[in-house]
Amino acid sequence: MALKVFNTLTNRKDEFAPIEPGKVRMYVCGVTVYDMCHIGHARAYISFDVIQRYLRYAGLGLTYVRNYTDVDDKIIKRAAEIGEQTTVVSERFIREFETDMDALGVAKADIEPKVTEHIPEIVALIGKIIERGHAYVAGGDVYFSVRSFPRYLQLSGRQLDEMKAGARVEVDERKQDPMDFALWKESKPGEPWWDSPWGRGRPGWHIECSAMSSKYLGDTFDIHGGGKDLIFPHHENEIAQSEAASGKKFVNYWIHNGFVNINEEKMSKSLGNFFTIREVTARFHPEALRYFMLTTHYRSPINFSDQSLEEAQKRVEYAYQTLDAVNTMLAGGEPKGGKNVNPPLVEGLIPAFREAMDDDFNAAKVLGDLSEPLRLLNELSSGKSGKPKDDVKRTLWDLGTKVVEIGSVLGIMTRDPATVLSEIRDRKVKAKNLDPEKIETLIAARAEARKAKDFARADQVRDELKSMGVAVMDTPKGTAWRVD
RNA sequence: GGCGCCAUAGCCAAGUGGUAAGGCGACGGUCUGCAAAACCGUUACGCACCGGUUCAAAUCCGGUUGGCGCCUCCA
């Protein structure tokens, strides 16, 4: 089955056909680096990370570009507020972004260009747009003339004249049309600036993505992505700029991810109802956050709640507990011989995975499909299945390998199980304000009581731990504990 | 006012024409000194509502209600 992607440009699922067979060029709008990232950013970059991984998995040669917007009104404002240089602010938040993405398992893009390092390209692009009659100089500013570009608003499917009624933007006197937008802005005192044919200034928002995408991916490329909120005006304006300059189609497939909601409302800075990635990952494991993001199709809104995160974390725990047991069972490496106990399940796994992902990257479906294999891995690795050991090992290997293969495309289940499990427990211990030492002491006391067959005393200790939210588990390898 | 999206069990959620995946929770069971974990079983005669198309609809069409988003910086 061929890959289908929902294309905002056509408003339907289109069969994906790259410009160059076997190769894909993809650009995703990166962050404006003026603050810590919130979980909306997490969703966007996780979504495209999965897309990125899947395209490569499917054997397509991918060039993935994700920029950093490091010149912008908000960065300037922020820098002024805290009395720092804009570059100090932007560099710091680039590092914070990298830290967050790393924790979430979001791989770096192949190219991560910064606006400040592409001013010449931007100036050249603006010059070209002016030359072609799609932009005009007004004082030290340069504006794109939306009326000169008949295809304007093709992505959002709106009408220019209908938009004017709702426009709440203050109209700059120098604009020929209220909808015209800045390509270049004259710098005010104290603002960063670069020389240009129009005087000292800086790029407007939008133009950087047009300049950097064409530099690294060409005038026309395959996929351009970002959050739904970027459709208008950002992506609409990118199309106008790029197509006005090149005279060619800009992008074939536009992919947009849905929002993260809080209490069914869009999470956003202006509403003040946002959580940073850092806040959430202090309470829940980063992989739980990632898993949560994948439980809903990337285009649908997803509602953030502690309960959902807890559920996601529970599944992550379950998966790693299972993998841990599988690893223990297969300590000797790939088993020789043995008979797979469930060939249809093992053999159907990857085809089902590909079918789901080929259908507009339906990772949520994949997660559901993973339940049965994980269940079987658990059953077999418990050692109590009653099946011949060789067959068990054979199946664990065959099935486990495929489960991890799928996990590696979704960016889950690829870390060291014991490490993740203890990281999760650490968070719960902290959340409940527990003292691990005290717990160990109690468990030791209980062990002694059990040894002496003083079960009344042992259960008393268990109850005490239980009231603290600690569950005690007696296993052949000793007594372990977990936080509920 | 314009454009668009969504509505599936207690909760989350997949499913775009063929007779409702999966998860969480709950209940019952196996295992266990007792538990926990794990495993097994049960948990939507119905997919907001009304009408239509069809042999067949959660899925297509029309309408109603409710919720959300964009039109302004925003992933």
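Each chain gets a letter, A, B and so on, in the order its sequence line appears, and its residues count up from 1. Heavy-atom basis, side chains included; hydrogens, waters and symmetry copies ignored. In this text the structure is predicted, and so the values were computed from the model without any measurement.
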Handout entry: Side chain to side chain, A:R290 and A:V50, heavy atoms closer than 4.5 Å
Key =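 In contact.
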
Answer with base, sugar-phosphate or nothing: what part of the nucleic acid does [X] contact at a heavy-atom distance below 4.0 Å?
X: A:G40; value: base
X: A:H297; value: sugar-phosphate
X: A:Y318; value: sugar-phosphate
X: A:Q321; value: sugar-phosphate
X: A:V28; value: nothing
X: A:S371; value: sugar-phosphate
X: A:E264; value: sugar-phosphate
X: A:R446; value: base

Can you measure [X] atom [atom1] to [N] atom [atom2] for me and round it to whole angstrom units?
X: A:L367; N: B:C24; atom1: CG; atom2: C1'; value: 13 Å
X: A:D474; N: B:U32; atom1: CG; atom2: C1'; value: 9 Å
X: A:L410; N: B:A14; atom1: CG; atom2: P; value: 15 Å
X: A:K314; N: B:A26; atom1: NZ; atom2: C1'; value: 12 Å
X: A:E355; N: B:G15; atom1: CD; atom2: P; value: 12 Å
X: A:F292; N: B:C11; atom1: CZ; atom2: C1'; value: 13 Å
X: A:K74; N: B:C73; atom1: NZ; atom2: C1'; value: 5 Å
X: A:L153; N: B:G2; atom1: CG; atom2: P; value: 17 Å

Nearest to side-chain heavy atoms of [X], which nucleotide of [options]:
X: A:E379; options: B:U16, B:C39, B:C34; value: B:C39
X: A:A471; options: B:G23, B:A14, B:A36; value: B:A36
X: A:F455; options: B:A75, B:G33, B:A37; value: B:G33
X: A:T296; options: B:A14, B:A37, B:C70; value: B:A14
X: A:E311; options: B:G2, B:C11, B:G4; value: B:C11
X: A:M473; options: B:A37, B:G33, B:C34; value: B:A37
X: A:F232; options: B:C70, B:C11, B:A14; value: B:C70
X: A:Q307; options: B:C11, B:C39, B:G33; value: B:C11
X: A:H41; options: B:A75, B:U16, B:A14; value: B:A75
X: A:R375; options: B:C40, B:A37, B:C70; value: B:C40

What is the distance from atom [atom1] of [X] to atom [atom2] of [Y], rounded to the nearest 0.5 Å?
X: A:D35; Y: A:F93; atom1: CG; atom2: CZ; result: 5.0 Å
X: A:R315; Y: A:L367; atom1: CZ; atom2: CG; result: 8.5 Å
X: A:D474; Y: A:W481; atom1: CG; atom2: CH2; result: 15.0 Å
X: A:E191; Y: A:E186; atom1: CD; atom2: CD; result: 9.5 Å

For [N] versus [M], give the span between their [atom1] atoms, rounded off to a whole number of Å.
N: B:C61; M: B:A21; atom1: C1'; value: 28 Å
N: B:C68; M: B:U54; atom1: C1'; value: 33 Å
N: B:U59; M: B:A7; atom1: P; value: 11 Å
N: B:G51; M: B:C24; atom1: C1'; value: 37 Å
N: B:G28; M: B:G33; atom1: C1'; value: 23 Å
N: B:A37; M: B:G25; atom1: P; value: 9 Å

Can a donor-acceptor pair under 3.5 Å be found between the side-chain atoms of [X] and the base atoms of [N]?
X: A:R12; N: B:G4; result: no
X: A:R299; N: B:C5; result: no
X: A:R450; N: B:G33; result: yes
X: A:D369; N: B:G22; result: no
X: A:R43; N: B:A75; result: no

Exercise for the section: Report the relative orientation of the aromatic rings in A:H234 and A:H206; use parallel for angles under 30°, tilted for 30 to 60°, perpendicular for over 60°. Expected result: tilted

Handout entry: Whether A:F353 and A:Y54 hold their rings parallel, tilted or perpendicular, with breakpoints at 30° and 60°
Key = perpendicular

Does the structure show a Watson-Crick or G-U wobble partner for [N], both distances under 3.5 Å? Name it, or say none.
N: B:C39; result: B:G29
N: B:A13; result: none
N: B:C3; result: B:G69
N: B:A44; result: none
N: B:C55; result: B:G18

Problem - Which residue lies more 5' along RNA chain B, comparing A:G30 with A:P301 via nearest heavy atoms - result: A:P301

Practice task
Let me know, please, whether A:K466 or A:N378 comes out on the 5' side of the other along RNA chain B by nearest nucleotide.
Solution key: A:K466

Practice task
Look at A:D177 together with A:K175 and state whether they make a salt bridge at an N to O cut-off of under 4.0 Å.
Solution key: no

Handout entry: A:H235-A:H256 aromatic ring centre distance below 6.0 Å
Key = yes

